[in-house]
Amino acid sequence: MAVALRNRLFALQLHPASLLHPSLRPSPHAPLFSLPARRRRGPCFHASAAAASGAAGPAASASDAARIFQKVFFVPPGVDPAEVSEDMVLPGSNIVVGPYAGHAQIKEVEFLKSSGRAKDCPKDGRPEFAILGRSNVGKSSLINALVRKKEVALTSKKPGKTQLINHFLVNKSWYIVDLPGYGFAKAPGSVRMDWSAFTKGYFLNRDTLVAVLLLIDASVPPQKTDLDCANWLGRNKIPLTLVFTKCDKMKRGKRPDENIRSFQEVIRENYRAHPPWIMTSSVTGLGRDELLLHMSQLRNYWDQ
Ligand SMILES: Nc1nc2c(ncn2[C@@H]2O[C@H](COP(=O)(O)OP(=O)(O)OP(=O)(O)O)[C@@H](O)[C@H]2O)c(=O)[nH]1
Ligand SMILES: [Mg+2]
């Protein structure tokens with residue numbers, strides 16, 4: 001298993017996780033990792049047995065370093081937590097690549113429809129990823145970067161550009177969903193999303209939702225609205241991946257990785273375990289291939 005995964009990573013010309021900035025490496029005090037179970041279809045990605053229970057499992061004979069790895073990294077189904085090693089982790093993330101990863105490239109993408117309400121969204125049963133985050137965090141830009149097209153999703157310097165639920169059909173088989181941003185208090189009432197109605201109608205009832213990609217602006221310190229949102233998703237057992245955006249930017253002398261670390265420290269208080277996270281930049285393409293690979297393993301597992 002480990003050899004196959006290593007080969008796959010090598011074939012993708014990814015760099016080993018040892019290139020992670022030291023500040024992003026797991027600390028011995030990092031929280032246990034788990035991802036909420038997928039609703040209605042049984043258990044989804046979860047912490048290793050040892051990490052979930054705190055008991056000594058197969059990891060008992062592993063080194064301290066290996067045990068820390070198993071606790072802070074996202075260990076997908078099909079991977080024996082005791083076999084996890086640094087070179088199986090996607091660079092700039094805490095995500096281990098498992099056997100469900102594959103077919104990550106996007107060959108074609110088409111805009112399918114915009115919906116004003118959750119109940120108007122497509123009902124064809126295809127799996128989907130929702131792109132969620134504050135206004136201006138870079139949701140539409142990330143979609144364009146993922147699909148490698150400039151204007152598939154419309155972007156703007158002004159917050160509040162995306163105002164409807166936009167479904168993009170990828171490779172005729174799954175959806176990326178661009179959502180309006182939250183936390184844009186200045187938007188006039190007519191263009192402001194009714195988030196309380198939306199969350200009930202979409203996140204809590206969308207059976208085809210594989211995961212939420214919660215975008216966090218890494219160029220600014222942790223924001224309360226983002227933490228509230230992450231906590232809400234966690235409480236409602238909706239699988240999420242934290243996608244840090246704008247990692248190319250520096251602001252107020254703070255490096256993005258310091259902001260990321262601060263965010264993780266705060267979220268740790270509310271999460272029993274840490275969700276998967278990944279660093280990206282829509283300007284430089286940082287994290288693009290890695291995020292697509294992660295999405296492929298979530299999708300393929302969901303689809304089986
Ligand atoms: N430097 C940098 N700028 C970015 C990045 N991603 C987005 N931006 C800029 O941030 C601004 C907002 O980007 P959008 O993609 O429109 O953000 P959004 O989250 O879709 O915004 P709303 O639709 O208003 O909620 C634009 O000016 C983008 O060019 C990034 O990775 N790095
Ligand atoms: Mg947008």
Side-chain angles (χ1 to χ4, degrees), residues 21 24 91-93 109 111-116 118 121 128-168 170 175-195 198-199 202-203 212-230 233 240-260 263 277-292 294:
H21 187 280
L24 293 173
S93 84
V109 59
F111 168 70
L112 191 84
K113 72 177 288 200
S114 291
S115 312
C121 291
E128 68 190 36
F129 293 88
I131 313 290
L132 178 64
R134 270 185 301 126
S135 290
N136 231 33
V137 70
K139 299 178 293 297
S140 302
S141 302
L142 180 76
I143 292 174
N144 292 335
L146 289 177
V147 305
R148 285 222 166 103
K149 287 196 176 161
K150 269 200 177 141
E151 287 289 318
V152 162
L154 298 182
T155 66
S156 168
K157 283 199 167 79
K158 285 190 196 160
K161 178 72 181 171
T162 307
Q163 291 164 21
L164 293 166
I165 309 162
N166 297 306
H167 274 76
F168 297 93
V170 180
Y175 290 115
I176 297 180
V177 187
D178 193 13
L179 295 174
Y182 55 74
F184 180 40
K186 285 183 191 145
S190 58
V191 301
R192 219 184 296 157
M193 182 90 167
D194 179 354
W195 271 101
F198 180 73
T199 48
Y202 180 82
F203 292 109
V212 171
L213 305 187
L214 178 60
L215 272 53
I216 309 290
D217 187 342
S219 69
V220 296
Q223 307 287 304
K224 186 177 180 307
T225 45
D226 295 334
L227 293 161
D228 288 348
C229 186
L233 291 167
L240 86 153
T241 295
L242 297 172
V243 177
F244 293 102
T245 63
K246 309 191 185 183
C247 289
D248 55 287
K249 275 173 97 175
M250 280 178 68
K251 235 182 203 178
R252 294 187 206 106
K254 278 227 165 197
R255 291 175 56 90
D257 51 3
E258 286 177 37
N259 292 329
I260 292 170
F263 186 89
W277 58 264
I278 185 164
M279 295 170 70
T280 67
S281 164
S282 301
V283 172
T284 66
L286 175 80
R288 176 194 179 267
D289 293 344
E290 292 82 355
L291 180 55
L292 283 176
H294 173 56

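Computed from heavy atoms alone, side chains included, the values below leave out hydrogens, waters and symmetry copies. Read the numbers this way: they start at 1 and go in the same order the structure lists the ligands and their atoms.
Short contacts between ligand 1 and G181, defined as distances under 4.0 Å to a heavy atom of the residue, involve ligand atoms 25 (O). When each atom of ligand 1 is checked for a heavy atom of S281 under 4.0 Å away, the hits are 31 (O). Those atoms of ligand 1 with a heavy atom of K139 less than 4.0 angstrom away are 15 (O), 17 (O), 18 (P), 19 (O), 20 (O), 21 (O), 22 (P), 25 (O). Near D248, with a cut-off below 4.0 Å to any heavy atom, the atoms of ligand 1 are 1 (N), 2 (C), 30 (C), 31 (O), 32 (N).
A donor and an acceptor atom, one from each side chain of D178 and S140, are located under 3.5 Å apart.
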Test side-chain hydrogen bond (donor to acceptor under 3.5 Å, both in side chains) on H294 and T241; report intermediate values, then the result. CA-CA 9 Å; H294 173 56; T241 295; 2.9 Å; yes

In sequence, state the C-alpha distance, the side-chain angles, and the governing distance for S114 and N166, and then conclude on side-chain hydrogen bond (donor to acceptor under 3.5 Å, both in side chains). CA-CA 4 Å; S114 291; N166 297 306; 2.4 Å; yes

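At least one heavy atom of N136 lies less than 4.0 angstrom from ligand 1.
In this structure the side chain of R288 never reaches within 4.5 angstrom of the side chain of T280, judged on heavy atoms. Between L146 and L291, the closest side-chain pair of non-hydrogen atoms falls below 4.5 Å. By the 4.5 Å heavy-atom criterion applied to side chains, S281 and K246 are not counted as neighbours. Residues V243 and W277 fail the side-chain proximity criterion, which asks for heavy atoms closer than 4.5 Å. When side chains are defined from C-beta on, I176 does not count as touching E128, because their heavy atoms never get closer than 4.5 Å.
Atom 31 (O) of ligand 1 has its nearest heavy-atom neighbour, among S282, S141, A218, G285, in S282.
At a cut-off of 2.8 Å, S141 is not counted among the residues with an N, O or S atom near the Mg ion (ligand 2).
For K246, heavy-atom contacts with ligand 1 shorter than 4.0 Å involve the backbone as well as the side chain. With a 4.0 Å heavy-atom cut-off, ligand 1 is reached by no atom of T280.
For V137, a nitrogen or oxygen atom sits less than 3.5 Å from a nitrogen or oxygen atom of ligand 1, counting backbone and side chain alike. Any N or O atom pair closer than 3.5 Å counts here, and S140 shares at least one such pair with ligand 1. On a distance-only criterion, G138 and ligand 1 share at least one N/O pair closer than 3.5 Å.
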